[in-house]
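Following: one structure in structure tokens, then a few remarks.
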Amino acid sequence: MSSSDDDTPLVKAKTGAVSQDRIPKALDKAMDKQAPSNGHVEPGISIRMGPVDKMDVDEPATNGNTNGKRKARVSTTNGKTYKDASNSEDDDKPLSKRRRTSQQAKPPKDDSSSELSDVPLKARTLPKASAEQIGQSSDSDTPLTTKLLRKKESIEKAADKEAKAIRGKEKATAKRKSKIASDSDDDIPLAKKKAPVKKGKQVKKEESDSDAPLAKKPAAKKAKAKPVVTTPAKKGKGKVKAEQTEEDRLAEEEEEEYRWWEDAGKSDGTKKWDTLEHAGVVFPPEYEPMPKHVKFIYDGVPVTLHPEAEEIASFYGSMLNSAHNVENPTFNKNFFEDFTTVLDKTGHAKDKDGKTVKIKTFEKCDFKPIFEWFESERAKKKALPAAEKKALKAEKETEEAAFMHCMWDGRKQKVGNFRVEPPSLFRGRGEHPKTGRVKKRVTPEQITINIGEKAKVPEPPAGHRWKEIKHDHEGTWLAMWQENINGAYKYVMLAANSDIKGQSDFKKFEKARELKKHIDHIRKDYRKELKSEKMVDRQRATAIYLIDQFALRAGNEKGEDEADTVGCCSLKFQHVTLKPPNTVIFDFLGKDSIRFYDEVEVDQQVFKNLKIFKKEPKTTGDDIFDRLTTSALNKHLTNYMAGLTAKVFRTYNASYTMARLLKEMKAKGTIQEKVKAYNDANREVAILCNHKRTVAAGHAGSMEKMIEKINGLRYQVWRTKMMMIDVDTKVKKKKGAEYFERPEDLDTEWMKQHQEAEVEELRQKITKKFEKDNEKLAAENEKEMKPKELQERLEKATELADKYKKENKTGKVEAEGKGPTVDKLETAVEKLNQRIENMKIQMEDKEGNKEVALGTSKINYIDPRLTVVFSKKFDVPIEKFFSKTLREKFDWAIKSVDEDWEF
DNA sequence: TTCGGCACTTAGGACTATCATG
DNA sequence: CATGATAGTCCTAAGTGCCGAA
């Protein structure tokens with residue numbers, strides 16, 4: 001049967017080449033052979049990967065490793081229990097659970113050197129090895145971590161739901177009604193929704209459509225609130241409503257808070273404001289030449305530069321300590337080129353006799369004195385008394401106060417980045433061809449101001465004028481300029497906690513929630529289209545599959561003069577390695593030149609397709625999706641839902657994953673434990689989105705320290721056990737000799753070293769304390785202690801050393817503490833073991849977290865309402881999850897949901 | 001259909017404040 | 001009370017995606 005999966009009629013290709021629109025049957029078949037669809041995967045290792053295409057069920061392999069689990073699955077997409085309709089059993093399989101063979105698998109190359117801080121850098125350079133080589137080398141250590149307990153989960157989930165259903169039968173029905181009323185068909189089984197009723201109509205008028213949730217939802221809520229007072233489900237909302245009126249009154253008296261998320265109508269999505277007043281931008285301070293004695297050195301000779309050139313030299317000099325830039329040849333080359341241009345213009349340098357020195361070679365430049373001067377300045381600033389620092393800060397604040405806020409439709413709103421970017425050296429990431437170039441000072445003449453017609457236009461600095469004054473009501477920016485290196489547009493916009501940003505955030509998440517209603521349909525479609533005989537469709541379906549399953553970015557085309565990074569649509573031949581039967585290895589640099597490495601199992605058909613897309617004559621450097629662009633992809637996606645683009649999948653899958661994880665969580669334990677559990681879920685999402693950070697410089701060191709500490713504790717455990725024998729020789733028999741054995745890895749050599757280290761540590765501590773005490777005495781004008789006193793105090797350390805020495809000699813440990821008994825010692829051992837366990841957990845946590853950044857997903861991908869609900873339900877203060885700024889940013893979420901809310 | 005222009009979100013790293021810890 | 005680790009903030013680069021003109 002496996003050869004019949006291509007049941008669609010095939011149009012004969014004209015030339016038979018892959019690049020034709022149609023996929024020749026022969027090729028498709030050939031691919032079948034190369035990638036045997038019935039290739040066996042050991043069920044023990046394999047997590048079920050790609051969702052099974054119904055059309056492929058005749059292929060044993062794909063089903064083989066999912067075995068019985070699938071049958072029992074109940075779709076939980078909407079948080080409601082119902083039998084999954086039709087053939088999309090796996091559509092809702094939570095992302096993070098599926099298909100990552102190596103969720104946290106480190107690429108083989110990284111493994112060797114986790115202690116080196118430059119590893120990430122290395123990892124970020126494009127691998128030179130061929131794709132095949134990578135495949136092979138990683139063969140050996142396909143790390144299979146994180147296997148999530150799918151079975152258990154679905155059982156728990158079902159039980160959970162049942163319980164819930166019983167608890168709130170009434171509630172549920174009320175909710176159901178209200179939900180329907182409020183235009184959310186969350187509860188309707190997939191089967192019923194899948195008909196693309198809206199399809200055609202929605203296509204073009206996305207503007208108004210995508211706004212629908214924003215506009216309609218709150219309105220619906222409000223309308224509901226009145227009549228529903230009696231139903232339990234509505235109580236919450238009724239209350240909110242009541243509070244609101246009160247608050248409104250209060251608000252009017254003070255600041256007046258605008259609860260836009262409760263405001264119906266408002267904003268058709270294009271017009272963003274009616275009136276807009278603001279103070280413009282703050283320019284960076286003019287360059288202040290360094291004191292005369294600070295010289296740039298050329299070829300060993302201290303020379304003087306024209307201030308303009310000196311400023312540029314100072315950019316470079318001040319960053320001598322960040323090897324990241326200064327050791328990058330491109331950075332140096334670009335810098336020197338731009339530096340030379342300015343030097344040519346300003347007459348190069350003068351030596352102390354006023355003779356011109358021409359600067360020709362970068363290697364002969366010495367920026368050290370400049371660097372040192374900057375360092376000393378920095379130190380000076382740091383050493384400033386706290387009071388002075390504060391005063392300085394306050395002064396700056398008052399100076400900038402006017403720029404901090406604007407008036408947006410008459411409401412005071414915080415402005416985000418009102419400071420114009422100061423000149424500097426461009427720090428492009430990864431292998432950016434322009435990194436190191438001089439980013440010039442921005443003049444008022446380059447800046448366009450966007451402001452209300454009736455508002456007072458901010459004064460440009462004396463003797464200057466703005467480039468242009470606009471009154472663009474459809475823009476949310478206050479000022480704009482273009483930077484000189486890439487021609488990038490820079491905008492001054494409102495801060496994240498402003499209404500306007502909040503609104504678009506809200507919209508974003510509502511859009512993702514809407515995708516929930518269409519996702520099954522979409523998944524079904526792309527699975528079907530994976531087999532389309534049209535190359536374009538097949539590529540598109542495959543791409544959507546990757547975006548959906550692995551949270552890849554869209555992957556727009558990039559220019560020549562940018563770093564060479566990719567996303568889904570721009571994946572190149574060498575970024576994807578195929579390992580039969582159905583394992584795919586992704587290895588490429590994504591946004592910010594962050595490496596994406598993942599070894600996953602995919603749907604058999606996807607594997608086959610990728611093989612076709614990589615078919616000769618394609619080779620390194622060629623596009624895998626050569627018939628696909630992001631705009632074609634997005635255009636296709638809009639057919640399903642207005643405003644649906646590739647990016648929405650990331651939001652959806654991230655939030656959906658978080659929602660699932662939080663829902664599965666048990667409300668038990670201390671607050672700390674709950675927070676930890678939340679962070680673990682957060683981490684899973686971060687891993688899904690490949691949000692990374694560079695490993696902290698001291699990571700390996702602090703790791704080692706922890707290990708030593710743990711070993712120290714283990715040693716103490718052993719010693720305590722030995723003390724038991726000292727107290728009562730009989731325990732040795734009772735507990736067995738094994739109990740008293742010192743762990744093997746803590747061999748005699750280690751022990752001696754450890755003892756010495758302990759003694760030394762104690763000695764240091766005593767000495768330090770002594771010195772400090774003395775200082776104190778000196779400060780109080782009293783007599784300092786004699787060195788003899790120190791000697792006496794150090795006796796303790798010697799005693800310890802002696803004790804250890806004796807222990808080593810006799811092989812016995814004298815019991816410590818008063819009235820030691822076996823019982824007491826046993827509790828002591830227990831306590832020590834507990835501490836060891838805690839530390840181990842802490843350590844693992846740290847290690848697992850060392851290159852995962854949680855912030856990005858929390859700020860951009862996880863619907864904040866999920867966190868708010870979690871906080872309320874589990875009774876953990878929201879402060880534990882959101883910092884002050886985040887609480888402000890997510891104000892709308894905090895104030896708008898009760899604990900019944902679901903993503 | 002492609003391309004450049006434009007506006008907006010997403011991103012990691014540098015810098016800074018705060019907290020724990022010894 | 002210093003000191004190092006961690007959390008929080010700031011900065012700006014690097015994406016996405018839309019639009020209209022060629």
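Computed over heavy atoms, backbone and side chain alike; hydrogens, waters and symmetry mates excluded. Sequence lines set the chain letters: A, B, ... in the order given, protein chains first and strands last, and positions in each chain run from 1. Quick caveat, the model's predicted, so the values are computed rather than measured.
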Without decimals, in angstroms, what is the distance between [X] [atom1] and [N] [atom2]?
X: Asp592(A); N: dT16(C); atom1: CG; atom2: P; result: 11 Å
X: Lys889(A); N: dT9(C); atom1: NZ; atom2: P; result: 13 Å
X: Asp472(A); N: dC19(C); atom1: CG; atom2: C1'; result: 13 Å
X: Asn497(A); N: dT9(C); atom1: CG; atom2: P; result: 11 Å
X: Tyr491(A); N: dG15(C); atom1: OH; atom2: P; result: 18 Å
X: Lys396(A); N: dT16(B); atom1: NZ; atom2: P; result: 10 Å
X: Asp561(A); N: dG4(B); atom1: CG; atom2: P; result: 11 Å
X: Met839(A); N: dA20(B); atom1: CE; atom2: P; result: 17 Å

Of all the nucleotides listed ([options]), which has the minimum atom distance to the side chain of [X]?
X: Ser883(A); options: dT9(B), dG12(B), dT9(C); value: dT9(C)
X: Thr694(A); options: dT12(C), dG13(B), dG15(C); value: dG13(B)
X: Lys591(A); options: dA11(B), dA7(B), dT12(C); value: dA11(B)
X: Ala554(A); options: dA5(C), dG15(C), dT16(C); value: dT16(C)
X: Pro422(A); options: dT12(C), dT10(B), dA5(C); value: dT12(C)
X: Lys884(A); options: dG15(C), dT9(C), dC8(B); value: dT9(C)
X: Asn556(A); options: dT10(B), dG17(C), dA13(C); value: dG17(C)
X: Glu421(A); options: dG12(B), dA13(C), dA17(B); value: dA13(C)
X: Lys709(A); options: dG22(B), dG12(B), dT9(B); value: dG22(B)
X: Lys272(A); options: dA7(B), dC8(B), dG22(B); value: dC8(B)

Touch check for [X], heavy atoms < 4.0 angstrom, all strands: base, sugar-phosphate only, or nothing?
X: Lys381(A); value: nothing
X: Lys846(A); value: sugar-phosphate
X: Gly428(A); value: sugar-phosphate
X: Gln764(A); value: nothing
X: Lys647(A); value: sugar-phosphate
X: Ser322(A); value: nothing
X: Gly698(A); value: nothing
X: Gly590(A); value: sugar-phosphate
X: Thr476(A); value: sugar-phosphate
X: Asn634(A); value: sugar-phosphate
X: Lys880(A); value: nothing
X: Thr629(A); value: nothing
X: Ala563(A); value: nothing

**Study point:** Among Arg553(A), Lys591(A), Lys558(A), the one residue meeting side chain to side chain contact (heavy atoms under 4.5 Å, CB included) with Thr565(A)
**Key:**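 Going through Arg553(A), Lys591(A), Lys558(A) one by one, the side chain to side chain contact (heavy atoms under 4.5 Å, CB included) with Thr565(A) is satisfied by Lys558(A) alone.
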Study note, to complete from the structure: Test side chain to side chain contact (heavy atoms under 4.5 Å, CB included), reference Glu510(A), set Arg513(A), Glu514(A), Lys508(A), output is Arg513(A)
Check your understanding: Considering heavy-atom distances to DNA chain C, does Thr645(A) or Arg427(A) have its closest nucleotide positioned more toward the 5' end?
Key ->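 Taking each residue's closest nucleotide, the earlier one in sequence belongs to Arg427(A).
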Check your understanding: When the nearest nucleotide of DNA chain C is assigned to Arg419(A) and to Phe882(A) on a heavy-atom basis, which residue is associated with the more 5' position?
Key ->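 Per heavy-atom nearest nucleotide, the more 5' residue is Phe882(A).
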Review point. Yes or no on side chain to side chain contact (heavy atoms under 4.5 Å, CB included) for Leu478(A) and Leu494(A), after CA distance, side-chain angles and deciding distance?
Key: CA-CA 8 Å; Leu478(A) 311 185; Leu494(A) 295 198; 4.0 Å; yes
Any side-chain N or O of [X] less than 4.0 Å from the OP1 or OP2 oxygen of [N]?
X: Lys490(A); N: dA13(C); answer: yes
X: Thr565(A); N: dG15(C); answer: yes
X: Arg650(A); N: dT9(B); answer: no
X: Thr885(A); N: dT9(C); answer: yes
X: His432(A); N: dA13(C); answer: no
X: Lys501(A); N: dT10(B); answer: no
X: Thr856(A); N: dG12(B); answer: yes

Check your understanding: Nearest nucleotide by nearest heavy atom, which residue falls closer to the 5' end of DNA chain B, Ala853(A) or Ile500(A)?
Key -> Ile500(A)
Point to revise | 5′-ward residue of the pair Ile859(A)/Lys393(A) relative to DNA chain B | key: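 Looking at DNA chain B, the more 5' nearest nucleotide goes with Ile859(A).
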Point to revise | Whether Asn334(A) side chain and Pro433(A) backbone form a donor-acceptor pair below 3.5 Å | key: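 Between the backbone of Pro433(A) and the side chain of Asn334(A) there is a qualifying donor-acceptor contact (under 3.5 Å).
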Check your understanding: Do you know which of Asp564(A), Asp623(A), Asp626(A) makes salt bridge (charged side-chain N to carboxylate O under 4.0 Å, His left out) with Lys572(A)?
Key ->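 Considering Asp564(A), Asp623(A), Asp626(A), a salt bridge (charged side-chain N to carboxylate O under 4.0 Å, His left out) with Lys572(A) is found only for Asp623(A).
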Exercise for review: Classify the side chain of Lys508(A) versus the base of dT9(B) as yes if they form a donor-acceptor pair under 3.5 Å and no if they do not.
Suggested key: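 Donor-acceptor pair under 3.5 Å: no.
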[X] ring center near [Y] ring center (under 6.0 Å):
X: His278(A); Y: Phe418(A); result: no
X: Phe506(A); Y: Trp260(A); result: yes
X: Phe550(A); Y: Phe586(A); result: yes

Review point. Passes side chain to side chain contact (heavy atoms under 4.5 Å, CB included), His699(A) versus Glu847(A)? Steps please.
Key: CA-CA 9 Å; His699(A) 178 80; Glu847(A) 181 67 22; 3.0 Å; yes
